[in-house]
Colleague: 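Sharing a structure with you now.
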Number of protein chains: 2
Amino acid sequence: MIRVLLAEDQAMVRGALRTLLDLEDDISVVCEVGRGDEVVPAARTCLPDVALLDIEMPGGDGIEAARELTAALPDCRVVVLTTFGRPGFLRRAMEVGAAGFLVKDSPVAELAVAIRKVVAGERVIDRDLAAAALAMGATPLSTREADVLRAAADGATVADIARSLYLSEGTVRNYLSNAIGKTGARTRVEAARVAEDKGWL
Amino acid sequence: MIRVLLAEDQAMVRGALRTLLDLEDDISVVCEVGRGDEVVPAARTCLPDVALLDIEMPGGDGIEAARELTAALPDCRVVVLTTFGRPGFLRRAMEVGAAGFLVKDSPVAELAVAIRKVVAGERVIDRDLAAAALAMGATPLSTREADVLRAAADGATVADIARSLYLSEGTVRNYLSNAIGKTGARTRVEAARVAEDKGWL
DNA sequence: GGCCGCGTCTGACGTCTGTCACGCGCGCCG
DNA sequence: CGGCGCGCGTGACAGACGTCAGACGCGGCC
């Protein structure tokens, strides 16, 4: 019997996935959590074989939870499950040791299949998303440019960003200008949006 | 037997909800769609008693689908199901004739209960969301201010907004200034964010 | 009617932003 | 070593942005 931990913030989706998985003869959902910071504590007591983690959760995102989980329980496989394929997430998930990466757009049948594969030691990655990640390539943004764009995304002024990153205002403007050029946008907000969409943040 | 149409863009969630509902003795999911513009055509052939509509869908949002559906098939009850409670959505959903409004944060058990209630003629609204909608009150933004904020949200320049709304640039700046004042923000983007969060758009 | 409040619209003014040109430090390769 | 590319940082300038004061129409109220 495969023991599964289910981490997903929307209770209704979580419950539906639980009943779905419990219908499988060889799979048993041994614990459910709704927050990122509850994953590791729950896993310590439940000792699951597989952890199914959503990325968008309150209390720390699924990537961070995956990192802590693989460190704390190396025998537990991690499958990341997310709403839409930000190729950037895929790369980050792989870096923290996830064994699988599924998108919720896939048919439900793939879920149980993927769980069985990862306990067998395989890696499972959504094929469309893998193609997108390869097609996208690495980010053209430098470290600082990405930092500045992130800070600018929710409407901070140049002065705010300069303070929070300990930079001169002129420097911040320059980074923003570079990022705007590289993304093909015309304003900082547009740049932040396309960078976000392409997984460059 | 209650005939249900299920509209939800994420295939995995849709499939999970379907199996969940099909486990109920008196409920049968008669058709599934993944796009807003497929709702009415599918409903015409399936003739469901209840349509369960997600709001965020490609091909027209769930609110618009609900409006068309209640016009085309007045006997079909509409239940709107959404990820998180934007109180603004609740009001709009009620305006287009929805009989129920659930959030995916609720436990799964409420779903079947709600479906039975709406076919019995009751209205079902998530209680937390109703409280939030009442606590929020009406938007302080005027029509034009909301228009301009919406247009500014994704990084358009003043000139773009002015063209798309057939206004002078000075006027657009003035609306933005008003909106920034009313939202307590300091930039247009911040204003768009808080307005969005409070359901004022 | 006279008045006030409100939403809508416009132009003018100071500040902030985006762009450009340039300097610095560092790793790399001929 | 000298040059070269690259990321990082700074200052100056045109243009866009946010703010202000004001005009017009409209409905409500004394």
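Chain letters run A, B, ... following the sequence lines, proteins first and then strands; every chain starts at 1.
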Colleague: Between dT19(D), dT8(C), dA12(D), which one does the side chain of Arg173(A) approach most closely?
Modeller: dA12(D)
Colleague: Using a 4.5 Å cut-off on heavy atoms from C-beta on, say whether the side chain of Leu21(B) contacts that of Ile115(B).
Modeller: yes
Colleague: Quick one, Glu56(B) and Thr82(B) - any side-chain contact, counting heavy atoms below 4.5 Å?
Modeller: yes
Colleague: How close or far is atom P of dT19(C) from atom CG of Leu176(A), stated in whole angstroms?
Modeller: 9 Å
Colleague: Could you list by number each residue of residues 179-188 of chain A showing a heavy-atom separation from DNA chain C of less than 4.0 Å, or answer none if no residue does?
Modeller: Arg188(A)
Colleague: Expressed in angstrom and rounded to an integer, what is the separation of Leu141(A) atom CG from dC8(D) atom P?
Modeller: 11 Å
Colleague: Testing Glu110(B), Glu122(B), Glu24(B) for salt bridge (charged side-chain N to carboxylate O under 4.0 Å, His left out) with Arg116(B), which one passes?
Modeller: Glu24(B)
Colleague: For the pair made of CG in Leu149(A) and P in dG18(C), what is the distance, rounded to whole Å?
Modeller: 11 Å
Colleague: What is the distance from CG of Leu165(B) to C1' of dT10(C), rounded to the nearest Å?
Modeller: 16 Å
Colleague: Counting only side-chain heavy atoms from C-beta out, which of dG18(C), dC9(C), dT8(C) sits nearest to Leu167(B)?
Modeller: dC9(C)
Colleague: With a 4.5 Å cut-off on side-chain heavy atoms, are Phe101(A) and Leu129(A) touching?
Modeller: yes
Colleague: Identify the two heavy atoms, one from Cys76(A) and one from Leu69(A), that lie closest to each other, and give their separation to 0.1 Å.
Modeller: SG-CD2, 4.3 Å
Colleague: Measuring to OP1 and OP2 of dT19(D), would you say a side-chain N or O of Ser177(B) lies under 4.0 angstrom away?
Modeller: yes
Colleague: Rounded to whole angstrom units, what separation is found between the CD atom of Glu145(B) and the P atom of dG7(C)?
Modeller: 7 Å
Colleague: Considering just the side-chain nitrogens and oxygens of Thr171(B), establish if one lies under 4.0 Å of OP1 or OP2 belonging to dT8(C).
Modeller: no
Colleague: Counting distance alone, no hydrogens or angles: does the base of dT19(D) have a donor or acceptor under 3.5 Å from a partner atom on the side chain of Asn174(B)?
Modeller: no
Colleague: Is any side-chain heavy atom of Val78(A) closer than 4.5 Å to a side-chain heavy atom of Leu52(A)?
Modeller: no
Colleague: So, does Arg144(B) get its side chain near the phosphate of dC9(C), meaning an N or O under 4.0 Å from OP1 or OP2?
Modeller: yes
Colleague: Mapping Ser142(A) and Thr157(B) onto DNA chain D by nearest heavy atom, which one lands closer to the 5' end?
Modeller: Ser142(A)
Colleague: Between dG7(D) atom P and Asn178(A) atom CG, what is the distance in whole Å?
Modeller: 9 Å
Colleague: Under 4.0 angstrom, heavy atoms only, what part of the nucleic acid is Ser168(A) near: base, sugar-phosphate, or nothing?
Modeller: sugar-phosphate
Colleague: Could you give the OH-to-P distance, from Tyr166(A) to dT10(D), as a whole number of Å?
Modeller: 15 Å
Colleague: Rounding to a whole Å, what distance do you find between Asp147(B):CG and dG7(C):C1'?
Modeller: 13 Å
Colleague: Would you say Lys182(B) has more than 12 foreign heavy atoms packed within less than 6.0 Å of its NZ?
Modeller: yes
